[in-house]
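As the structure lists them, so they are numbered: ligands from 1, and atoms in each ligand from 1. Keep in mind it's a predicted model, so treat the numbers as computed, not measured.
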Amino acid sequence: MSSSLSAWQTRHSFQTDDAALLPIAAKVQQGERLSFDDGVTLYRSGDILAVGWLANLVRERMHGDIAYFNVNRHINPTNVCMASCRLCAFGRKKGEAGTYTMALEEAWETAATGLTEAVTEFHIVGGLHPDLPFEYFMDLVRGLKVRFPKVHIKAFTMVEVAFLAKRGKMTIPEALERMKAAGVDSMPGGGAEIFADRVRHIICDHKIDGSEWLDTARMAHQIGLRSNATMLYGHVENEEDRVDHLLKLRAVQDETGGFQTFIPLSFHPDNTALAHIPKTTGMLDLRQIAVGRLMLDNFSHIKSYWQMVSPKMAQISLRFGADDIDGTVIEEKIYHDAGATTPQGMRRADLVRLITEAGRTPFERDTMYRAVTRSEDSFTVAV
Ligand code: V47
């Protein structure tokens, strides 16, 4: 070990019994970019506390003690879906039992119901419906904007954008422009799953491939729409597939700077065609957050989505690289259809308590990470 590294370790009390982590620790300290092999080493290291320590160092460098949350509402307009992804328990084929499609009035009413706290964001994700026209989705967004002009609309994954563009017989940039004109303010990160073809063929072979997802994100960013990025882990992927996914996101982010947040999504197997796969463990959930923080040096935010990993794990993640735990959600369908046992939503005060008890400072953000100030039944966003 070089003397400068040992001096640094003493100063920062980094300790590990995994010698393979030492050169990575030196790079992290110097703000150097980590390589593919570093990523694989981080995934395979037995010293999860050391990996978490490094991720926490980066997280505190970027955000200090702040932990972000928001007051949001999910709306899933339809669960009818042509894709038949093996990873999914939410989507159903047209005509199958349990399908639903909201009439526009119903979607707007849904937006208004639930907790009384004024939401700052509608998160809209749904199935790939074979019959709903492009204009249904534009009317949905326009109607929300008229009724809730202050609420940010984060709508349509890259998979939905590509599908709707094809259905509407337009190019993806055209579809994105029309979505933006209708009132879409940014886009959620879903549908990314794992980019590697081998994995995608097993878990979701009927939708766009990894490079189409990345191209669509790039096009969204180029017209000024910010988006999130996800990665679905804990199914048939291996460590190399995960690192490959992270590096592909990092490369697009270098080009566009358009990703706001990275959100690892733990696979929920119940009621899916992959129900034989065991649920993820706490160690994998924490490791995923930490490796994401360390590899994605050009992403500002890493979200530990409490619905996915449980409120308790999201809280601990705030010490393993995460700076965001997502929002109140109010009504969640995708993971609950796949066996999630978390509550459907949480109150603002519960999120504040989780963060405070983790020793972090709660920061209510809007979707663009601007500070939100509240009065009784309204809010103001700092500009
Ligand atoms: O794309 C589907 C995932 C995603 C399962 O951008 C599953 O802030 C686990 O996009 N087990 C949709 N995951 C959700 C999504 C999202 C969620 C939270 C925050 C944000 C954001 C975006 O849900 C899908 C897919 O990757 N998913 N089925 C399942 N069984």
Side-chain angles (χ1 to χ4, degrees), residues 68-70 72-76 79 81 83-92 120-128 152-163 184-195 199-200 203-204 207-208 210 213 216-217 220 225-237 245 249 258-275 277-280 285 288 299 301-309 314 322 324-342 345 365-369:
Y68 299 90
F69 70 98
N70 73 347
N72 64 348
R73 189 191 216 295
H74 282 210
I75 304 170
N76 305 117
N79 67 350
C81 189
S84 308
C85 296
R86 286 185 197 87
L87 67 91
C88 186
F90 169 71
R92 280 148 217 240
T120 63
E121 172 192 277
F122 292 132
H123 165 113
I124 305 173
V125 173
L128 309 182
H152 180 108
I153 298 185
K154 185 181 76 181
F156 313 130
T157 64
M158 304 309 158
V159 174
E160 290 166 275
V161 172
F163 176 79
V184 170
D185 296 303
S186 73
M187 299 164 69
E193 323 309 2
I194 285 278
F195 294 135
V199 175
R200 243 177 148 77
I203 65 171
C204 59
K207 63 187 185 194
I208 54 172
W213 191 98
T216 308
L225 282 168
R226 309 291 302 267
S227 79
N228 290 336
T230 57
M231 170 169 130
L232 185 75
Y233 66 92
H235 40 88
V236 298
E237 87 289 2
H245 188 95
L249 289 176
F259 289 121
Q260 305 231 90
T261 311
F262 172 66
I263 312 147
L265 301 173
S266 59
F267 178 54
H268 285 49
D270 291 359
N271 307 318
T272 74
L274 301 171
I277 294 178
K279 292 188 167 77
T280 65
D285 293 338
Q288 192 49 62
F299 275 62
H301 302 284
I302 305 291
K303 188 191 284 184
S304 183
Y305 181 32
W306 69 265
Q307 282 273 3
M308 270 285 165
V309 292
D324 191 333
I325 59 171
D326 202 75
T328 47
V329 180
I330 305 180
E331 192 178 11
E332 201 293 312
K333 295 190 200 303
I334 298 177
Y335 318 119
H336 286 82
D337 283 354
T341 52
T342 47
R365 62 165 178 86
D366 74 344
T367 313
M368 310 309 281
Y369 286 84

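With sequence neighbours excluded, no residue forms a side chain to side chain donor-acceptor pair (under 3.5 Å) with H245. Residues forming a side chain to side chain donor-acceptor pair (under 3.5 Å) with T216 (at least two apart in sequence, or on another chain): none. Taking D270 as the reference, K279 meet the side chain to side chain donor-acceptor pair (under 3.5 Å) condition, with sequence neighbours excluded.
A donor-acceptor contact shorter than 3.5 Å is absent between the side chain of N228 and the backbone of P188.
Taking each heavy atom of P278 and P269 in turn, the nearest pair found is C-CG, 4.4 Å.
Between T367 and the choices H123, E121, R226, Q260, the side chain to side chain donor-acceptor pair (under 3.5 Å) rule is met once, by E121.
Taking a heavy-atom cut-off of under 4.0 Å, ligand 1 is surrounded by L87, C88, H123, K154, P188, G189, G190, G191, E193, N228, L232, I263, L265, S266, F267, H268, T272, K303, Y305, M308, I334, Y335, A338.
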